Amino acid sequence: MSLLFLFVFLLSSVSPSSSQQQPRNISSFSSVDSPWLPNQNRILLSTNSVFAAGFRPKPSSPNLYTFSVWYHISKTTIFWSANENSPVNRNDSLVITNTGQLRLVNSSSGVNLWPGTVSGTSNSTQLRLHDDGNLVYGSIWQSFEHPTDTILPNQIMQNSTILVSKNGNYRFRNSKELVYASYNDSYWKTDNAFQRLGEDGRVTKENGDSVVTSDVGDQNLRRLTLDDDGNLRIYSFDTNHSNWTIVWQAVQEFCTIHGVCGPNAICVDEQTQNASTCVCPSGFKPNTSQVNSCERKIPLTDLHNTKFLRLDYVNFSGGSNQTDLVVKNFSICESSCFSNPHCLGFGFKFDGKGYCVLQLHRLLFGFWSPGKEMAMFLRVDKSETDQPNFNGMTSLLETTCPVRISLPLPPEDSNTTTRNIVIVCTLFAAELISGALFFWAF
Ligand SMILES: *[C@@H]1O[C@H](CO)[C@@H](O)[C@H](O)[C@H]1NC(C)=O
Ligand SMILES: *[C@@H]1O[C@H](CO)[C@@H](O)[C@H](O)[C@H]1NC(C)=O
Ligand SMILES: *[C@@H]1O[C@H](CO)[C@@H](O)[C@H](O)[C@H]1NC(C)=O
Ligand SMILES: *[C@@H]1O[C@H](CO)[C@@H](O)[C@H](O)[C@H]1NC(C)=O
Ligand SMILES: *[C@@H]1O[C@H](CO)[C@@H](O)[C@H](O)[C@H]1NC(C)=O
Ligand SMILES: *[C@@H]1O[C@H](CO)[C@@H](O)[C@H](O)[C@H]1NC(C)=O
Ligand SMILES: *[C@@H]1O[C@H](CO)[C@@H](O)[C@H](O)[C@H]1NC(C)=O
Ligand SMILES: *[C@@H]1O[C@H](CO)[C@@H](O)[C@H](O)[C@H]1NC(C)=O
Ligand SMILES: *[C@@H]1O[C@H](CO)[C@@H](O)[C@H](O)[C@H]1NC(C)=O
Ligand SMILES: *[C@@H]1O[C@H](CO)[C@@H](O)[C@H](O)[C@H]1NC(C)=O
Ligand SMILES: *[C@@H]1O[C@H](CO)[C@@H](O)[C@H](O)[C@H]1NC(C)=O
Ligand SMILES: *[C@@H]1O[C@H](CO)[C@@H](O)[C@H](O)[C@H]1NC(C)=O
C-alpha cells in the first residue's frame with residue numbers, strides 16, 4: 001500500500017520534470033530571451049528544422065558546455081562551436097546586452113568567449129539560425145565567416161580560411177593544405193584552393209576545377225569536416241539509415257598523415273578504414289615514455305662506427321629536416337649521409353633518377369608504402385645485430401599485400417584518388433620483377 005503510494009508519488013513528481021526535459025524550441029534569440037543558460041534546455045531551430053543551436057555538454061566533461069550548432073537530425077554531429085576550447089560552466093550564459101552586444105561570458109573571469117566583438121545596432125537585434133545552417137546575428141555577424149572544423153554546402157571557403165580539428169591537432173590551412181599543428185608540417189595539398197561545396201557533391205576550386213564525391217548528383221545533406229584523425233572528409237547523410245557516409249576523403253593512405261606515429265616509428269596501414277600500427281625499425285625498441293614511438297637500442301655515439309640497414313618501401317617525411325639531393329649513384333648518396341654528422345639515414349630510389357633524401361637530426365613521420373618505390377637506409381651502430389625488418393621486394397610481398405598489410409579502398413569514382421589498392425598491388429607485382437632485378441644488380 002505504502003509502496004503503491006510511493007510509486008504514485010514518484011510518478012507524479014517525475015512526470016512534470018520529464019516534460020520540462022522536453023527542449024523548448026525557439027526560432028530566434030533576442031534580448032527578451034536573455035540570458036540563456038546551459039541548463040535551460042532551450043534550442044534555437046532553423047525554420048526547416050534541419051539545424052539546431054544551443055548549449056551542449058562536452059562529451060568528456062558533462063559539466064562544461066559549448067554553444068554549438070548541430071544537425072537536428074543527428075544530434076552528435078556538432079559542426080560549429082563558439083567556444084570549443086574554452087567551455088563554460090552552468091552559471092555562465094549567452095546574453096544580449098542593452099546596447100545589443102552578443103556575449104558569451106565566463107562568469108569567473110568576465111571574458112567574452114563569443115568569436116569577435118559583436119555589437120548590434122540595438123537590443124532588438126536577433127540571433128537566428130538560417131536554413132543552410134548559418135548562425136546569424138542581425139546583419140553583422142555570421143558563423144559561416146568563422147568556421148571551426150566543418151564547411152557546409154554553399155559556405156564560401158576563402159584562401160585565408162583555416163579549419164581546425166576538434167582535438168586541435170590538425171589544420172586545413174588556406175582551404176588548400178592539411179597541416180600537423182605540432183610541427184606546422186603539411187602532409188596533403190591540393191594545387192588549387194577549395195572554394196565551395198555544392199549540395200550535389202561537387203567541390204569547386206579557385207581555378208574552376210572540381211573535386212567530386214562518390215555520390216555526386218544526389219541532393220543530400222553534406223558536410224566537409226576535418227576529423228580528429230587528420231583526414232579531411234566529405235560526408236553525406238544517408239536518410240535510409242540515419243547515419244553519415246563518407247563520400248570523399250583527402251588522404252587515402254592513412255599512414256601518410258603526420259603524427260599518427262611518434263618519433264622513429266614506422267606506420268603501417270591496416271585493412272580497416274583509419275587504423276594503423278606503429279612498428280619500430282630494426283635497431284630500435286618502443287619508447288616506454290611516449291606512446292607509438294621508438295628509441296635506439298644502441299645510441300649513436302661514434303658516427304664513424306656506423307652502418308646502414310635497408311628498409312624496403314619505408315619513407316620518413318621529416319619536412320624541413322631533410323635534404324633532397326640528386327646524385328649519380330647509390331654510393332654518393334650513402335657517403336653524403338655518412339659524412340654528415342646529423343644524418344640519421346637516407347631514402348633512395350633505384351630507378352636511376354638519382355633520388356636521394358638525407359634525414360637530418362630526427363626521424364619523423366615514418367611510414368611503409370609500396371607506392372613510394374623507395375628504400376630507407378637507416379644509420380645504426382656497427383655492432384647492431386638486428387636484421388632489417390622491412391623486406392618488401394620479395395619475402396614480405398606474398399604475405400603482406402593480400403593478407404596483413406593493405407591500403408584502404410578509396411571512395412568510388414573519386415577523380416582525385418591518386419592511388420588505390422589495385423594500383424598498389426599491381427605496382428607490387430611490377431616491383432617484384434623490375435625491383436628485384438634492380439636489387440639483384442645492385
Ligand atoms: C521542437 O522541435 C522538434 C523538431 O521539430 C519537435 O520534435 C519537438 O516536439 C519540438 N518541441 C517542442 C517542445 O515543441
Ligand atoms: C573562466 O575564468 C576562470 C578564471 O579566470 C578560468 O580559470 C577559466 O579557465 C575560464 N574558463 C573559460 C572557459 O574561459
Ligand atoms: C554556480 O553558482 C552557485 C551560486 O552562486 C555556486 O554555489 C556554484 O558553485 C556555481 N557553480 C559553478 C559550477 O561555478
Ligand atoms: C532595449 O532598449 C530599450 C531602449 O533603449 C530599453 O527601453 C529596453 O529596456 C531594452 N530592453 C532590454 C531587454 O534591455
Ligand atoms: C587570396 O585571394 C585574394 C583575392 O582573391 C588575393 O589577392 C590573395 O593574393 C590571395 N592570397 C593567397 C595567400 O593566395
Ligand atoms: C607555419 O608555416 C607557414 C608556411 O610555411 C607559415 O606561414 C606560418 O607562419 C607557420 N606558422 C607557425 C605557427 O609557425
Ligand atoms: C534509400 O532507399 C531508396 C529506396 O529504397 C533507394 O532508392 C536509395 O538508393 C537509398 N539511398 C541510399 C543512400 O542508400
Ligand atoms: C549506416 O547504418 C547501416 C545500417 O545500420 C549500416 O549498415 C552502415 O554500415 C552504416 N554506415 C556507416 C557509415 O556507419
Ligand atoms: C577513426 O578512428 C577514430 C578512433 O580511432 C574513430 O573515433 C573515428 O570515428 C574514425 N573515423 C572514421 C571516419 O572511421
Ligand atoms: C622517449 O620519449 C620521451 C617522451 O617524449 C622523450 O623525452 C625521450 O627523449 C625519448 N627517448 C629517446 C631515447 O628518444
Ligand atoms: C631539425 O630538428 C632539430 C630538432 O630535432 C632542430 O633543432 C633543427 O632546427 C631542425 N632543423 C631544421 C632545418 O629544421
Ligand atoms: C573525371 O575527370 C575526367 C577528366 O579528367 C572527366 O572527364 C570525368 O567526367 C570525371 N569524372 C567524374 C565522375 O566527374
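All values reported here derive from a predicted model rather than from experimental measurement. Start at 1 and go down the list; that is how both ligands and their atoms are numbered.
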Establish whether atom 7 (O) of ligand 8 and some protein heavy atom are separated by less than 4.0 angstrom. no
Look only at the side chain of D228 and the backbone of K166, and say whether a donor-acceptor pair between them is shorter than 3.5 Å. yes
Best match, N240, D238, N243: closest heavy atom to atom 11 (N) of ligand 8: N243
If we only count N/O pairs under 3.5 Å, is N91 in contact with ligand 3? yes
Judged by modelled atom types alone, do T204 and S210 share a side-chain donor-acceptor pair under 3.5 Å? no
For atom 13 (C) of ligand 8, what is the closest protein heavy atom, and at what distance to 0.1 Å? W244 O, 3.3 Å
Can the SG atoms of C267 and C255 be said to lie under 2.5 Å from each other? yes
Which residue in the set F316, F338, F330 passes ring-ring contact (aromatic ring centres under 6.0 Å, His included) when paired with F346? F330
pair check: C280 + C294, SG-SG < 2.5 Å: yes
Contact (N/O only, under 3.5 Å) between N264 and ligand 10: no
For atom 5 (O) of ligand 8, the closest protein heavy atom turns out to be H241 CD2, 4.5 Å
Six-ring centre of Y65, R90 cation under 6.0 angstrom, axis tolerance 45°: no
Protein contact to atom 9 (O) of ligand 10 [nearest heavy atom, distance to 0.1 Å]: N287 ND2, 4.8 Å
Distance flag for atom 2 (O) of ligand 10, protein heavy atom under 4.0 Å: yes
Can you sort out which atoms of ligand 10 are near Q290, meaning under 4.0 Å from one of its heavy atoms? 2 (O), 4 (C), 5 (O)
Non-hydrogen atoms of R379 and C343 that approach each other most closely: NH1-O, 2.9 Å
